[in-house]
Protein chains: 2
Amino acid sequence: MINIADVARHAGVSTATVSRALSGGHHVSPATRLRVEESAAHLGYVVSSNASSLASGRMKNIGVVVPFLNHWFFASVVEGAQQALQRHGYDLTLYNLTGGLEARRSVFEHFLLRQRVDAVIAVSLELTENEVARLHALNKPLVGVGGPLAGVRTLTVDDLAVARLATEHLIALGHTRIAHIGGDKAFDLDFNLPTNRRFGYEAALVAAGIEARRDDFRPADFTTAGGYQAAKQLLGRPHERPTAIFAASDEMAIGSILAARDLGLAVPGDISVIGVDDHELATFFGLSTVAQFPQRQGEKAVEVLMEELRPHPESRTGLNINMPFELIVRGSTTRPAV
Amino acid sequence: MINIADVARHAGVSTATVSRALSGGHHVSPATRLRVEESAAHLGYVVSSNASSLASGRMKNIGVVVPFLNHWFFASVVEGAQQALQRHGYDLTLYNLTGGLEARRSVFEHFLLRQRVDAVIAVSLELTENEVARLHALNKPLVGVGGPLAGVRTLTVDDLAVARLATEHLIALGHTRIAHIGGDKAFDLDFNLPTNRRFGYEAALVAAGIEARRDDFRPADFTTAGGYQAAKQLLGRPHERPTAIFAASDEMAIGSILAARDLGLAVPGDISVIGVDDHELATFFGLSTVAQFPQRQGEKAVEVLMEELRPHPESRTGLNINMPFELIVRGSTTRPAV
DNA sequence: AATCATTTTGCAATCGCTTGCAGTGTCTGA
DNA sequence: TCAGACACTGCAAGCGATTGCAAAATGATT
C-alpha cells in the first residue's frame, strides 16, 4: 500500500506538506498543492483513515443506531443519512438493536466506545437513562431522529400536529365518528412510539366538539397485519361502525383498507382511511396520508451533526427541531355517506 | 480518555502485557490476565480501534455495499450481517449506491480504499469489471450475496432451481397455463436481477411438456406496483387468461393478488399466485412462496469472511455457495378450476 | 539595499496500540 | 546441581498520518 511518504518523495516535498495540501490546502502554495495532488492521483494514494484519525482525533465516521432495519421508515432515514454523509466524506457505521438485550448492551458498552465515531444518530430509539448517560459520557454530539428523546437534540415531526392535521381532514369532510389505530406505550421497549399522535387525534376531536370514544381507539403494532386486525375489530360492529379511521402509520392504514375490503366495505365509500408516513405503497393504495420525509430527516440529522462538529459551532438550534410534514389527499378519504 | 498506559500503570504491568491480556490472553499468566482485566473494567477502558488498527493492520470492520436499503430483502441481508458481525466484535460500515453515479464512483474510488475495512460484502450488485478489479486490487476478501457476480465468491440461492420448484408446484396442482412476472435485464444497471428465474420457469414448463408462451411473460420492476400492472395485463385477456402466476418476487406476487381482486377474480379460486422470498407480508396475504432467508444469507456471508480472515484459512469453499430455499404453501395456490 | 511582515515549507513529536525480540524466572530431567 | 526448555513479561520500534513551532523563502515598504 502506498503511503504519504511515497507521495512526498514523488512530489519532492515533505509529508507535512502533502498532508496539508491534501486536506483543504491551506498554507500551501497553489503550485505545490497542484503538484502534490497530481502525485497523489498518479500513485493512486488514499489517506489511511486510521492513521489520520489517530493523529487528528477526527474519525470521519458517524454511528447510526436503529431498532430495526427492515422497515421502510428506518431504512429510509438511514439511506438519507448515508447519502448526506457520503457527500461530506464521512462513513456510516450501522448499529442495529434487533439482536436482543445482549447485543444491545454490547453496542452501548463496547462498540460505541471504541473511538470509532465522531458522533451518533439514534433513530426512533427508546433509550434508558443509563444509555443516554453513556452516550453523553462519550462527549460526542448525539442527535435523535423521531420521537422525543429525553435530554437529546431530536429531529421530529410534531406528532401532535400531524395527528391533528389528519383528524381535522376527516372532520372537515364531515366525519363525526372517527376511529384511531395507534401505538400502545406498553408494547415495545426498543422502539420509541409516537404516542403523541393519540393526543393529537383526541385534541382535534375535542376541538370540534366531538366526543372521543374510548372504544374507537385500538392499539396495534405498526404493521400491516396489526392494522388489519385492529380495523376488523373496529369495523366488525355493524351499528357501532365508525365512518373513518385515522391510523398512526401507513402500514396500519393499508391493513385497514384490506380489512375493509374483506368485510365488503368500500373505501372510501363506506369508510375513509388516512395514515401517516407516505409509505412507498401509499400511492399504490391511493392512501391519503400525512407525509413525513424520512430521507430528509436522515439528511437533516447529518447537517446538524456536521454543524456541531465544525470547530466553532455557530448557529446552535434548540433542543427540538421540527421537521416538515404535509397532508396528501388521495382517494381513500371522502365525505361520509349520508 | 483513558488509554492503555493508564491500565498498565493501574495493573502494574507493561502496556505490552495489557495488550496481550486483553486480546486473546495467550502468553499471559492467568493471574496477570485477571488483574489486567479488572483494571480495565475498573477504569472503563476500551481499546481505541484506530490505534489498534493502525498497529495491527486489522480493522475489525466490514464494508457492506447495497444498491438500495429500503427494500425488505436488502435490509434483511444487512440486518443478518450486522448481527453476525457484532457477535464477532466487528463493525459494519454501510455503503449505499442509491445516490447516483457520482456517489457510486466515490464509493469505489475513495471510500473503500481508505484502509477502513477488512473485507467487503456486495449485496445483489451488478458490478462493472472495473469495479470488481478495484475491489480485488484492495487485496481484501470480497463476497457477494445474491445473484452471480463474475469472479467473486457469491452466496446465492440457485435461482434456476427456485423457479423450477415454484413452477413445478403449480404444474403439480394441475395448471397448464402458467404466466410469469419477472425481471427485465435491461431495466436497471445497479441491481443484479435474477434473470435465471425465468429460465427455471421455462425449463419446468418444457420438462412438463407445456409450451412456454412468449405472451405469458411480463417484465416488471420487482415492486408491488409493478407486479400489479403486469398482472392486470396478464389477467385482462378474458379468453387468454392463465390460471396461475409465478412472480419472481413476493412483492410482485402481492401486486398480482391485488390486481386479481380488482378484476373480480378470486385467489386462488380463479387464479393461483406464487412468489419468491417469503416477505414479511407473505403470511398476511396467505401467499405461497419459495422462501429464501435473507438474514441467514447475511449471516453466512459473514461466516465466510471470518473464515477467510483467519490467519490460515482452512476450508476453502468453492466460488459459489448455494443457500437453502424452501417451498412454503399457503392459501394462494390451489388446483385450477375445472 | 535593508528591514519587516507574511507565506510556504520542513522538522520532529505525537496519537494509542501491537509485536518481534530479548530477558527473566520456573520447572524438568539427568 | 545445572543445563535446557518453556512460560511470562518488558523494551522499543514501528503503524501512517497531523500539527505546533521554527526556519526559509517571498514580497512589501521605505
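The analysis underlying the following values was restricted to heavy atoms, covering all of them including side chains, and did not include hydrogens, waters or symmetry mates. Every chain is numbered from 1, with letters handed out A, B, ... down the list of sequences. Everything numeric in this text was worked out from a predicted model, so none of it was measured.
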Asks: Do A:Ser53 and B:Arg116 touch side chain to side chain, with heavy atoms closer than 4.5 Å?
Replies: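 A side-chain contact under 4.5 Å exists here.
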
Asks: When you measure from the side chain of B:Val47, which nucleotide among C:dT8, C:dC17, D:dA17 comes out closest?
Replies: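 Nearest to the side chain of B:Val47 among the choices is C:dC17.
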
Asks: Identify whether any heavy atom of B:Ser48 sits under 4.0 Å from a base atom; if not, whether one sits that close to sugar-phosphate; answer base, sugar-phosphate or nothing.
Replies: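 Sugar-phosphate contact only.
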
Asks: Testing the basics here: between B:Val157 and B:Pro324, what is the closest heavy-atom pair and its distance to 0.1 Å?
Replies: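 The pair with the smallest heavy-atom distance is CG1-O, 3.7 Å.
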
Asks: Please tabulate the protein-to-nucleotide N/O contacts below 3.5 Å involving nucleotides 20-25 of chain C, giving atom names and distances.
Replies:
| from | atom 1 | to | atom 2 | distance (Å) |
| --- | --- | --- | --- | --- |
| C:dG20 | O6 | B:Arg20 | NH1 | 3.4 |

Asks: Let me know, please, whether B:Gly12 or B:Leu54 comes out on the 5' side of the other along DNA chain D by nearest nucleotide.
Replies: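 Closest to the 5' end, via its nearest nucleotide, is B:Gly12.
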
Asks: Heavy-atom distance under 4.5 Å between the side chains of B:Leu34 and B:Glu38, does that happen here?
Replies: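 B:Leu34 vs B:Glu38: side chains touch.
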
Asks: Once rounded to the nearest 0.5 Å, what's the spacing between atom OG1 of A:Thr93 and atom CD of B:Gln82?
Replies: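 Here the rounded value is 10.0 Å.
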
Asks: Around atom NZ of A:Lys140, are there more than 12 heavy atoms of other residues, nucleotides or ligands at under 6.0 Å?
Replies: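 Yes, enclosed.
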
Asks: Is it the case that the side chains of A:Asn130 and A:Thr128 hold a donor-acceptor pair, with the cut-off being a distance below 3.5 Å and no angle test?
Replies: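 No pair is found: no donor N or O on one side chain lies under 3.5 Å from an acceptor on the other.
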
Asks: Would you please confirm or rule out a distance under 4.0 Å between OP1 or OP2 of C:dC17 and any side-chain N or O of B:Ser19?
Replies: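 For B:Ser19, the contact criterion (side-chain N or O under 4.0 Å from OP1 or OP2 of C:dC17) is not met.
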
Asks: What contact category does B:Ser56 fall into here, base, sugar-phosphate, or nothing, at under 4.0 angstrom with non-hydrogen atoms?
Replies: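 The answer is sugar-phosphate, as B:Ser56 gets under 4.0 Å only of primed atoms, P, OP1 or OP2.
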
Asks: Base, sugar-phosphate, or nothing: which does A:Ser53 touch, judged by heavy atoms less than 4.0 Å apart?
Replies: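 Answer is nothing: A:Ser53 stays at 4.0 Å or more from every strand.
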
Asks: Nearest 0.5 Å, what's the CD1-CG distance between A:Ile121 and A:Leu85?
Replies: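 Rounded to the nearest 0.5 Å, the CD1-CG separation comes out at 6.0 Å.
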
Asks: To the nearest Å, how far apart are A:His27 NE2 and D:dT19 P?
Replies: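 So the two atoms are 11 Å apart, to the nearest Å.
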
Asks: What's the separation between atom CD1 in B:Ile4 and atom OG in B:Ser52, rounded to the nearest 0.5 Å?
Replies: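 OG of B:Ser52 is found 9.0 Å from CD1 of B:Ile4.
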
Asks: Quick one: which protein N/O atoms are closer than 3.5 Å to N/O atoms of nucleotides 24-26 of chain D? Pair and distance per line, please.
Replies:
none

Asks: Charged N to carboxylate O below 4.0 Å: is that the case for A:Glu307 and A:Arg310?
Replies: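 Result for this pair is yes, salt bridge flagged.
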
Asks: Could you tell me whether B:Val18 contacts a base, only the sugar-phosphate backbone, or nothing, with contacts defined as non-hydrogen atoms closer than 4.0 Å?
Replies: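 Answer is nothing: B:Val18 stays at 4.0 Å or more from every strand.
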
Asks: Closest approach to the side chain of B:Thr15, judged atom by atom: which nucleotide of D:dC15, C:dG10, C:dT18 is it?
Replies: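 In terms of side-chain proximity for B:Thr15, the closest of D:dC15, C:dG10, C:dT18 is C:dT18.
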
Asks: Using a heavy-atom cut-off of 4.0 Å across all strands, would you classify A:Arg58 as base, sugar-phosphate, or nothing?
Replies: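 Since only primed, P, OP1 and OP2 atoms lie under 4.0 Å of A:Arg58, the category is sugar-phosphate.
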
Asks: Does A:Ser29 make a side-chain N or O approach to OP1 or OP2 of C:dT9 shorter than 4.0 Å?
Replies: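 Checking C:dT9 against A:Ser29, a side-chain N or O does come within under 4.0 Å of OP1 or OP2.
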
Asks: So A:Thr32, base contact, sugar-phosphate only, or nothing? Heavy-atom distance under 4.0 Å.
Replies: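 Contact class for A:Thr32: sugar-phosphate only.
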
Asks: Check every atom of D:dA17, D:dG10, C:dG16 against the side chain of B:Asn3 and return the nucleotide holding the closest atom.
Replies: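 Among D:dA17, D:dG10, C:dG16, the one nearest the side chain of B:Asn3 is C:dG16.
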
Asks: CZ of B:Arg33 versus P of D:dA7: gap in Å, rounded?
Replies: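 The distance from CZ of B:Arg33 to P of D:dA7 comes to 15 Å, rounded to the nearest Å.
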
